[in-house]
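One structure is given here, and the rest of the page talks about it.
So you know, we letter chains A, B, ... as the sequences are listed, proteins then strands, and number each from 1. Being a predicted model, the structure only gives us computed values, none of them experimental.
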Amino acid sequence: MPELPEVEVVRRGLEAHVTDRELAAVDVLHARAVRRHVAGAGDLSDRLAGRVLRRPQRRGKYLWVPLDSLEGPGEALVVHLGMSGQLLVQDPAAPDERHLRVRLRFADGGPELRFVDQRTFGGVALVPTGADGVPVIVEHIARDLLDPLEDDAAVARALRAKRTQLKRALLDQTLVSGIGNIYADEALWRAQLHWARPTDRLSRGDALAVLGAAREVMVEALDQGGTSFDALYVNVNGQSGYFDRSLAAYGQEGRPCPRCGTLVVRDPFMGRSSFSCPHCQRPPRGWRREVPARARESVRG
DNA sequence: ACGCATACCTGAGTGC
DNA sequence: TGCACTCAGGTATGCG
């Protein structure tokens, strides 16, 4: 699933392939893919034709391509990959992908850009940008851990001021952005902190440690082209990353912890999963592992 | 104001 | 063979 490193891989691919190219026509093949563009699919296509794409930018998991401004305030083409979105640079003659949602054709007749998204949680929109060049629908997203202006001390302070579980806070994109389920579990494993730790009882040192660990694991993942488990995440050339071979905790239930050898466990978390080492990541006082309903039944029977 | 559950989606996998 | 169900999970929204 695309988190910060995967989105950055895509951004770099876009930078190499679409910067300074003029759009000729945009075809919207699925209305849900443009639901965040309030004025509708027709408006999006009309307003993009003839515009020139500038250098792609990113904050957290949001990606945007600034457009040459005609007059007044700037605009950008904002893309969020959601859970299964892909941006592919394709030969215009290549057959349509099964889940092709938006096609962007260029005036130079060269490779086109395709937004492909199986689960349609992602989407594209043409949005005005604020004073700092950030699209208005991205302004509520906090700076991410690869942003030179991100302030670890300030984030650690805000994190400790919250009354929630540590992993919930790490996934809160308004606190610090770019972290999803995979990198949250990996960062917690590296910092040797349990996902259910209450944020208001976390030391300043532990808060800084988990942020540092998250940055470190994302940088390493970026170096390997991102994480992927299947064909759902790919770069603009349709290739997968390799970081899944380096995961210590995420998806590793029943496998030995690379640090101590204890078997990694999976816990239900927000209707999903958290993976951790029960030895290295001690749960907070009073926390009890939830027993799955099916296991309870078989014990009873 | 804030924390939290929920809706939105499709395809793969599993159990009966 | 097929049906019902579960799981994957990022974000916006609305509730208490």
Next item on the list: Check whether any side-chain heavy atom of A:L170 lies under 4.5 Å from a side-chain heavy atom of A:L188, and answer yes or no.
Entry: yes
Margin query: For C:dG10 and A:Y183 - does any side-chain N or O of the residue sit under 4.0 Å from the phosphate oxygens OP1/OP2?
Written below: no
Next item on the list: In whole angstrom, give the distance that lies between atom CE of A:M270 and atom C1' of B:dG3.
Entry: 10 Å
Margin query: Please determine whether a side-chain nitrogen or oxygen atom of A:T164 lies at a distance below 4.0 Å from atom OP1 or OP2 of B:dC2.
Written below: no
Next item on the list: Identify which nucleotide among C:dT11, C:dA12, B:dC4 has an atom closest to any side-chain atom of A:H80, counting heavy atoms from C-beta outward.
Entry: C:dT11
For nucleotides 9-13 of chain B, print each protein N/O atom paired with a nucleotide N/O atom at under 3.5 Å, atom names and distance only.
unit_1: B:dC9; atom_1: OP1; unit_2: A:R32; atom_2: NH1; d: 3.4
unit_1: B:dC9; atom_1: O5'; unit_2: A:R32; atom_2: NE; d: 3.3
unit_1: B:dG11; atom_1: OP1; unit_2: A:R98; atom_2: NH2; d: 3.3
unit_1: B:dG11; atom_1: OP1; unit_2: A:H99; atom_2: NE2; d: 3.2
unit_1: B:dG11; atom_1: O4'; unit_2: A:Q118; atom_2: OE1; d: 3.4

Check: Expressed in angstrom and rounded to an integer, what is the separation of A:I137 atom CD1 from C:dG10 atom C1'?
Finding: 14 Å
Note to self: Measuring from the side chain of A:K162 (C-beta onward, heavy atoms only), which nucleotide among B:dC4, C:dT11, B:dG3 has the closest atom?
What the structure shows: B:dG3
Check: Looking at C:dG10, B:dC4, C:dA12, which one has an atom nearest to any side-chain atom of A:N181?
Finding: C:dG10
Next item on the list: Could you give me the CA-CA distance, side-chain angles and deciding distance for A:K61 and A:S177, then say whether side chain to side chain donor-acceptor pair (under 3.5 Å) is met?
Entry: CA-CA 7 Å; A:K61 304 170 199 172; A:S177 69; over 6 Å; no
Item checked: A:L104 side chain reached by A:V124 side chain, heavy atoms, under 4.5 Å -> no
Next item on the list: Show your reasoning for whether side chain to side chain contact (heavy atoms under 4.5 Å, CB included) applies to A:V79 and A:L87.
Entry: CA-CA 9 Å; A:V79 181; A:L87 280 171; 3.9 Å; yes
Check: Whole-Å distance between C:dC7 P and A:F275 CZ?
Finding: 12 Å
Next item on the list: May I have the step-by-step check of side chain to side chain contact (heavy atoms under 4.5 Å, CB included) for A:V127 and A:L77, ending in yes or no?
Entry: CA-CA 6 Å; A:V127 171; A:L77 181 64; over 6 Å; no
Check: Rounded to whole angstrom units, what separation is found between the NZ atom of A:K61 and the C1' atom of C:dG10?
Finding: 6 Å
Item checked: Spacing between A:Q173 atom CD and B:dC2 atom C1', to the nearest angstrom -> 18 Å
Next item on the list: Remember a base hit wins even if backbone is also touched, and classify A:F269 as base, sugar-phosphate or nothing at under 4.0 Å, heavy atoms.
Entry: nothing
Note to self: Counting only heavy atoms not in A:R255 (residues, nucleotides, ligands), do more than 12 fall under 6.0 Å from its CZ?
What the structure shows: no
Notebook entry, point to check: Is there a side chain to side chain donor-acceptor pair (under 3.5 Å) between A:Q90 and A:E97 once you walk through the steps?
Noted result: CA-CA 10 Å; A:Q90 277 283 31; A:E97 289 74 12; 2.7 Å; yes
Notebook entry, point to check: A:R266 side chain: which of B:dG3, C:dA12, C:dA8 is closest?
Noted result: C:dA8
Notebook entry, point to check: Passes side chain to side chain contact (heavy atoms under 4.5 Å, CB included), A:D206 versus A:R197? Steps please.
Noted result: CA-CA 11 Å; A:D206 280 346; A:R197 285 280 297 270; 3.7 Å; yes
Item checked: Which nucleotide in B:dC4, B:dC8, C:dA12 has an atom nearest any side-chain atom of A:Y62 -> C:dA12
Note to self: Expressed as a whole number of angstroms, how long is the span from A:K167:NZ to B:dC4:P?
What the structure shows: 15 Å
Check: More 5' along DNA chain B: A:R272 or A:R163, using each one's nearest nucleotide?
Finding: A:R163
Notebook entry, point to check: Between C:dA8, C:dA12, C:dT11, which nucleotide gets closest to the side-chain atoms of A:H140?
Noted result: C:dA12
Margin query: In whole Å, I'd like the distance from the CG atom of A:L171 to the C1' atom of B:dA5.
Written below: 15 Å
Notebook entry, point to check: Axis-to-axis angle across the helix from B:dC2-C:dG16 to B:dC16-C:dG2, five pairs an end, to 10 degrees?
Noted result: 60°
Note to self: Does any part of the side chain of A:R58, heavy atoms only, come nearer than 4.5 Å to the side chain of A:L146, both counted from C-beta?
What the structure shows: yes
Note to self: Rounded to whole Å, please give me the gap between CG in A:D200 and P in B:dG3.
What the structure shows: 10 Å
Notebook entry, point to check: Between A:D267 and A:S276, is any pair of side-chain heavy atoms under 4.5 Å apart?
Noted result: yes
